[in-house]
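Below is one structure, written out as structure tokens, with a few remarks after it.
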Protein chains: 2
Amino acid sequence: MEETPSCRVETALEILTGKWKPSILLELITHDTLRFSELKRNLPNITQKMLTAQLRELELNDIVHREIYQVVPPRVEYSLTDYGKTLIPVLNAINAWGEKHVEHLAQKDMLQDTTPTLASSTSDSF
Amino acid sequence: MEETPSCRVETALEILTGKWKPSILLELITHDTLRFSELKRNLPNITQKMLTAQLRELELNDIVHREIYQVVPPRVEYSLTDYGKTLIPVLNAINAWGEKHVEHLAQKDMLQDTTPTLASSTSDSF
DNA sequence: CTTCATGGTATCGTTTAGGATACTATACCA
DNA sequence: TGGTATAGTATCCTAAACGATACCATGAAG
């Protein structure tokens, strides 16, 4: 087991990467607690398999908590763990940079084609 | 083109993901300017193909600059662009969280097996 | 005339991530 | 008796990422 910055960055990025994990995390940040079916509804293009898989990985990494109610039909609620909440500043930093980057890309493209520009909403946090 | 936090986070993560991009960026952060062969030497397991590919993507995204000297044998130097340097705080945030996460994983594992622990170096930046 | 170093490409194969679709258990409700 | 809702699994397939290996151009040094 190595202990380099690169190792740490990769370890952290493993948690965030996965086609749906950022969306799932942002959902749980803004909604606090969501049932499986609510998450699925809010993420229109995800398949059930992927949603389950990504939630399981996040659960394994102690980022999300899975609460099962023994009722029929089943009720399962997902939420961030306290530890998962420590990711919020990281996501905020990424989000802020991402916003700048979208602008940056737009400027680069404007030098070539004529894609219309969007007025920036300048929202640095969720 | 959407304009949601999730979109921005994903756009930003696209730049950081790729098996070798974090390592490459950290190399360029700590060494300022590196030749192709130096990068390859410092990243022992990368193949030439992957190194070229990832550098090209970073170049396309205006994160790294590629300076070609017309000499033989060829000399090509890579460095961060000014824009690329704006990624440094983001990588620092990810690195800091990653360090906590490595500790967190170690604590979880200690409850099960007997893997020896490393004294933390508590280095929050590069 | 050959060898060497550098910074690449090209081609092919494997591995992994992700997607489509079908199936399941359970209790309630009509 | 049959349909419904929820939260999943199981199976199969495709596409993309990644890796191994071989090849190439150039000019200087020997």
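Protein chains get the first letters and strands the later ones, always in sequence-line order, with residue 1 at the start of each. Every heavy atom of this structure was used, including side-chain atoms; hydrogens, water molecules and symmetry mates were not.
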Please list, pair by pair, any protein nitrogen or oxygen found under 3.5 Å from a nitrogen or oxygen in nucleotides 19-25 of chain C.
{"unit_1": "dG19(C)", "atom_1": "OP1", "unit_2": "Lys19(A)", "atom_2": "NZ", "d": "2.4"}
{"unit_1": "dG19(C)", "atom_1": "OP2", "unit_2": "Trp20(A)", "atom_2": "NE1", "d": "3.1"}
{"unit_1": "dG19(C)", "atom_1": "N7", "unit_2": "Lys49(A)", "atom_2": "NZ", "d": "3.2"}
{"unit_1": "dG19(C)", "atom_1": "O6", "unit_2": "Lys49(A)", "atom_2": "NZ", "d": "2.1"}

Take Arg75(A) and Glu77(A), measure what salt bridge (Lys or Arg N to Asp or Glu O under 4.0 Å) needs, and give me the verdict at the end.
-> CA-CA 7 Å; Arg75(A) 174 183 194 91; Glu77(A) 288 186 347; 3.0 Å; yes

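- Regarding contacts with the backbone of dG8(D), a side-chain N or O of Arg56(A) is found under 4.0 angstrom from either OP1 or OP2.
- Between Lys21(B) atom NZ and dA17(D) atom C1' there is a gap of 11 Å when expressed in whole angstrom units.
- One finds no side-chain N or O of Arg35(A) lying less than 4.0 angstrom from the OP1 or OP2 phosphate oxygen of dT6(D).
- The residue from Val64(A), Leu87(A), Thr81(A), Leu80(A) that alone fulfils the side chain to side chain contact (heavy atoms under 4.5 Å, CB included) condition with Leu58(A) is Val64(A).
- Within 4.0 Å of Glu77(A), counting heavy atoms only, lies no atom of the nucleic acid at all.
- When the nearest nucleotides of DNA chain D are assigned to Arg41(A) and Gly18(B) by heavy-atom distance, the more 5′-ward of the two goes with Arg41(A).
- For dA17(D), the OP1/OP2 oxygens have no side-chain nitrogen or oxygen of Gln54(B) closer than 4.0 Å.
- In this model, a donor atom of one side chain and an acceptor atom of the other lie less than 3.5 Å apart for Ser23(B) and Ser6(A).
- For Tyr83(A) against Asp62(A), the heavy-atom pair with the smallest separation is CD2-O, 3.6 Å.
- Residue Gln70(B) is out of contact with every strand shown, counting any heavy-atom pair closer than 4.0 Å.
- No engagement by Tyr69(A) is indicated, since no non-hydrogen atom pair under 4.0 Å with the nucleic acid exists.
- Counting heavy atoms from C-beta outward, Lys21(A) and Leu16(A) have side chains that stay 4.5 Å or more apart.
- In this structure, His65(A) has its ring center no closer than 6.0 Å to that of Tyr78(A).
- Atoms CG and CD1, from Leu39(B) and Ile46(B) in turn, are 8.0 Å apart once rounded to the nearest 0.5 Å.
- Close to dG8(D), at under 4.0 Å from its OP1 or OP2, lies a side-chain N or O of Arg66(A).
- Comparing the axis of the opening five pairs of the helix from dC1(C)-dG30(D) to dA30(C)-dT1(D) with that of the closing five pairs yields an angle of 30°, rounded to 10°.
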